[in-house]
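Only one structure is covered here, and it is reproduced in the block below.
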Amino acid sequence: MTTEEKNENLQEEVVEESSENAEETTEVVEEKTAEELLQEKIEKLEEEVKASEDKYLRLYAEFENFKRRKNQEIETNNIYKSQKVITEILPSLDNLERALQVDSDNEEVKALRKGVEMVYEGILNVLKTEGVEEVETENVQFDPNIHHAVMQGEESDKESGVILDTFQKGYKLKDRVIRPAMVKVNQ
């Protein structure tokens, strides 16, 4: 082999090695780029999963709060379901009380009074079983939450703010005032 042929062979080998090294370098760069792309995609997917999970947890908490509020509302409605009927009955109850205040010596009126009294007590018993209580007004301090002052009076032997007289009875259903008592209060 001549020197020229050797040089040519060497050049061909160098070119081949260079191209092999270049291919390997390209493959390594492509692998790194592919790995980086995959890593970026994985990170992006993890962020999406985290965002979806966060959204799911928020919606779940919101739904649980909604259920709790709804159950509480239903429970409150069940407790006070009879309030409307009771408030409509109270004026009739007041009329029965006025009828019982009439006194007479006539036997027919006495018999009628006895019947009205029985009806009145029957209604009171039913109202008690539903949880209706009369608002206390006799010698108690005025409370604007359960009393409605319509007059003021002055009695020196009683404290200021004490209820002197009741014009209309007040009623509570369980712990809710359905009609405040109309009262006269000491100054």
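Just so you know, residue 1 is the first one in the sequence shown, and it goes up from there. Bear in mind the structure is a predicted one, so any value in this text is a computation, not a measurement.
A side-chain donor-acceptor contact under 3.5 Å links E97 and Y120. D94 and Q168 form a side-chain donor-acceptor contact under 3.5 Å, judged by distance and modelled atom types alone.
Distance check, rounded to the nearest 0.5 Å: CD of E107 to CG of L112 gives 12.5 Å. Note that the NZ atom of K81 and the CD1 atom of I74 stand 13.0 Å from one another [nearest 0.5 Å]. Between the NZ atom of K128 and the CD1 atom of I123 there is a distance of 13.5 Å, given to the nearest 0.5 Å. Rounded to the nearest 0.5 angstrom, I178 CD1 and K84 NZ are separated by 13.0 Å. How far CD of E136 is from CD1 of I146: 8.5 Å, rounded to the nearest 0.5 Å. Considering CD of E130 and CD1 of I89, their distance stands at 9.5 Å, rounded to 0.5 Å.
Here the side chains of K41 and Q39 are not in contact, with every heavy-atom distance at 4.5 Å or above. Between V150 and H148 there is a side-chain heavy-atom pair separated by less than 4.5 Å. With contacts defined as side-chain heavy-atom distances shorter than 4.5 Å, the pair V135/K169 does not qualify. In this structure, the side chains of N139 and K158 come closer than 4.5 Å at one or more pairs of heavy atoms. T76 places none of its side-chain heavy atoms less than 4.5 Å from the side chain of E73.
Residue N106 comes nearest to S104 through the heavy atom pair N-OG, 3.2 Å, listed as atom of the first residue, atom of the second, then distance. Taking all atoms of both residues into account, the shortest heavy-atom contact from E154 to N186 is CA-OD1, 3.3 Å. The two residues Y171 and E134 make their nearest non-hydrogen contact at CD2-CA, 4.0 Å. Considering every non-hydrogen atom in both L90 and R179, the closest pair reads CB-NH1, 3.7 Å. The two residues N145 and V177 come nearest to each other via the heavy atoms O-CG2, 3.6 Å.
Comment: K44 does not engage E47 in a salt bridge, judged by the lack of any side-chain N to carboxylate O separation of less than 4.0 angstrom.
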**Criterion side-chain hydrogen bond (donor to acceptor under 3.5 Å, both in side chains) on Y60 and N65, from CA distance to verdict** = CA-CA 9 Å; Y60 182 75; N65 288 337; over 6 Å; no

_Derivation of the salt bridge (charged side-chain N to carboxylate O under 4.0 Å, His left out) call for K67 and E64_ = CA-CA 5 Å; K67 278 189 350 186; E64 287 298 315; 3.4 Å; yes

Verdict with supporting geometry, N71 and R68, side-chain hydrogen bond (donor to acceptor under 3.5 Å, both in side chains) = CA-CA 5 Å; N71 287 340; R68 183 181 44 78; over 6 Å; no

task = Begin from the C-alpha positions of K50 and D54 and carry the test salt bridge (charged side-chain N to carboxylate O under 4.0 Å, His left out) through to its verdict.
result = CA-CA 6 Å; K50 191 173 184 179; D54 185 49; over 6 Å; no

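By the salt bridge (charged side-chain N to carboxylate O under 4.0 Å, His left out) test, E121 is found to be paired with no residue, residues two or more places apart in sequence or in another chain being considered. Not counting sequence neighbours, the partners of E117 by the salt bridge (charged side-chain N to carboxylate O under 4.0 Å, His left out) test are R113.
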